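Below is one structure, written out as structure tokens; comments come after it.
What you are looking at is a predicted structure, and each value in this text was computed from that prediction instead of being measured. Quick note: residue numbers are just sequence positions, from 1.
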Amino acid sequence: MQWTLVIPLKPLSRAKSRLSDTAADGLRPGLALAFAQDTVAAALACPAVGDVAVVTDDALAGRELAALGARIVPDEPRGGLNAALAHGAAAVRAARPASPVAALNADLPALRPAELSRVLDAAAEFPRAFLADAAEIGTTLLAATPVQELRPSFGPDSRARHRASGAVELTLDAVDSVRQDVDTGEDLRAALALGVGPYTAAVSAGLLLPGP
């Protein structure tokens with residue numbers, strides 16, 4: 001089964017504000033782009049993924065991620081994360097109606113293609129399924145089979161909201177790289193411990209990270 005992934009990315013100038021304790025204002029856009037580059041590169045290397053669509057209005061991010069092989073979908077709704085995901089899912093299903101669709105966070109710099117494949121293979125067993133983040137509060141991936149609407153409800157406490165919506169929570173071991181999103185300096189430290197991709201490694205070199 002070949003999945004189409006929809007990855008939302010807000011304008012880089014507004015991304016990752018919670019990293020202010022780790023990276024100055026001038027560095028955060030570069031970190032956000034590096035996270036997205038490593039996420040997209042790993043997703044495209046996953047054997048279960050046939051296509052990656054990034055929903056963004058950021059011109060620089062669009063160019064850089066398209067160069068990696070992602071399809072860029074303009075964020076026409078400009079109504080926030082869930083509106084962007086619903087718009088992206090509709091766009092990719094217009095082109096590939098028989099493909100299952102999964103929303104994936106853009107801030108998974110340690111993402112491993114093999115671990116993502118395990119998650120998507122497990123998700124294929126259910127009409128809708130999701131994977132909680134490392135903090136067990138949010139969501140890093142929400143998947144839907146071709147006959148199901150994605151119905152994204154990302155944001156604070158999205159784990160509880162996705163579960164309440166009827167999506168099945170995936171409980172898998174050894175998929176830490178798919179769960180480790182990065183919002184804070186501590187998150188970045190955890191991702192670096194897992195082993196981040198080359199873009200994040202280059203940009204984060206020399207940053208003063210919070211201790212354990």
Side-chain angles (χ1 to χ4, degrees), residues 1-10 14-18 35-36 39 43 46 48-49 51-56 73 75-94 96-112 115-184 186-187 190-191:
M1 181 178 288
Q2 289 278 291
W3 290 79
T4 297
L5 301 188
V6 180
I7 298 178
L9 182 62
K10 67 173 64 175
R14 295 192 284 108
K16 296 301 159 192
S17 60
R18 292 170 61 192
F35 296 163
T39 301
C46 175
V49 174
D51 188 24
V52 172
V54 176
V55 183
T56 188
V73 178
D75 184 8
E76 294 176 0
R78 296 183 177 88
L81 177 60
N82 292 308
L85 284 170
H87 172 66
V92 300
R93 280 193 160 158
R96 300 183 65 182
S99 174
V101 172
L104 183 71
N105 286 9
D107 57 352
L108 299 169
L111 186 63
R112 301 286 189 272
E115 292 184 13
L116 177 58
S117 186
R118 284 191 63 220
V119 173
L120 292 172
D121 288 348
E125 300 297 319
F126 306 99
R128 287 174 69 242
F130 73 96
L131 185 73
D133 63 9
E136 299 186 342
I137 296 171
T139 304
T140 57
L141 180 142
L142 173 69
T145 56
V147 297
Q148 295 290 322
E149 293 296 323
L150 190 61
R151 295 166 55 200
S153 189
F154 285 81
D157 300 317
S158 64
R159 179 190 185 191
R161 289 201 306 275
H162 284 136
R163 185 190 291 153
S165 76
V168 174
E169 181 171 0
L170 301 173
T171 55
L172 300 172
D173 295 327
V175 293
D176 293 349
S177 76
V178 195
R179 301 182 67 208
Q180 187 58 65
D181 54 353
V182 176
D183 288 316
T184 67
E186 285 292 342
D187 294 337

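In this structure, Pro152 and Ala86 approach most closely via the heavy-atom pair CG-N, 4.2 Å. Between Leu172 and Ala122, the shortest heavy-atom contact is CD1-CB, 3.9 Å. For Ala144 against Trp3, the heavy-atom pair with the smallest separation is O-CZ3, 3.8 Å. Here the closest heavy-atom approach between residue Arg93 and residue Pro146 is recorded as NH2-CA, 3.6 Å. Taking every heavy atom of both residues into account, Thr145 and Ala124 meet most closely at CG2-O, 4.5 Å. Of all heavy-atom pairs spanning Lys16 and Val182, the tightest one is NZ-O, 2.7 Å.
Proximity of a side-chain donor or acceptor of Arg159 to a complementary backbone N or O of Glu136 within less than 3.5 Å is detected. A donor-acceptor contact shorter than 3.5 Å links the side chain of Thr184 to the backbone of Asp187. For the pair Arg128 (side chain) and Arg151 (backbone), a donor-acceptor distance under 3.5 Å is present. Not a single donor-acceptor pair under 3.5 Å links the side chain of Asp121 to the backbone N or O of Arg118. One N or O on the side chain of Asp133 and one on the backbone of Ile137 form a donor-acceptor pair closer than 3.5 Å. Using modelled atom types, no side-chain atom of Asp75 and backbone atom of Val55 make a donor-acceptor pair closer than 3.5 Å. Side chain of Thr39 to main chain of Leu108: a donor-acceptor pair is present (N/O by atom type, distance under 3.5 Å, no hydrogens or angles). Not one N or O on the side chain of Thr140 forms a donor-acceptor pair closer than 3.5 Å with the backbone of Asn105. At least one donor-acceptor pair under 3.5 Å links the side chain of Ser99 to the backbone N or O of Gln2.
Note that CG of Asn82 is 14.5 Å distant from NE2 of His87, once rounded to the nearest 0.5 Å. Rounding to the nearest 0.5 Å places CZ of Arg163 at 11.0 Å from CG of Asp157. The OG1 atom of Thr56 sits 4.5 Å away from the CG atom of Leu9 when rounded to the nearest 0.5 Å. Rounded to the nearest 0.5 Å, atoms CG (Leu142) and OG (Ser158) are 9.0 Å apart. Here the straight-line distance linking atom CG of Leu120 with atom CD of Glu125 works out to 12.0 Å at 0.5 Å rounding. The CG atom of Asp183 sits 9.0 Å away from the CZ atom of Phe35 when rounded to the nearest 0.5 Å.
Atom CD of Glu149 has 12 or fewer heavy atoms from other residues, nucleotides or ligands within 6.0 Å.
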| task | Kindly indicate, with the supporting measurements, whether the criterion side chain to side chain donor-acceptor pair (under 3.5 Å) is fulfilled by Arg112 and Ser177. | result | CA-CA 6 Å; Arg112 301 286 189 272; Ser177 76; 5.4 Å; no
| request: Would you check, one step at a time, whether the test side chain to side chain contact (heavy atoms under 4.5 Å, CB included) holds for Val73 with Val6? | output: CA-CA 9 Å; Val73 178; Val6 180; over 6 Å; no
| task | Could you check Leu116 against Leu141 for side chain to side chain contact (heavy atoms under 4.5 Å, CB included), going step by step and ending with a plain yes or no? | result | CA-CA 10 Å; Leu116 177 58; Leu141 180 142; 3.8 Å; yes
| query | Hey, mind stepping through Leu170 and Val175 against side chain to side chain contact (heavy atoms under 4.5 Å, CB included) and telling me if it holds? | reply | CA-CA 11 Å; Leu170 301 173; Val175 293; over 6 Å; no
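Ring-plane geometry between Phe130 and His162 is classed as tilted, the angle between the planes lying from 30 to 60 degrees on a 0 to 90 degree scale.
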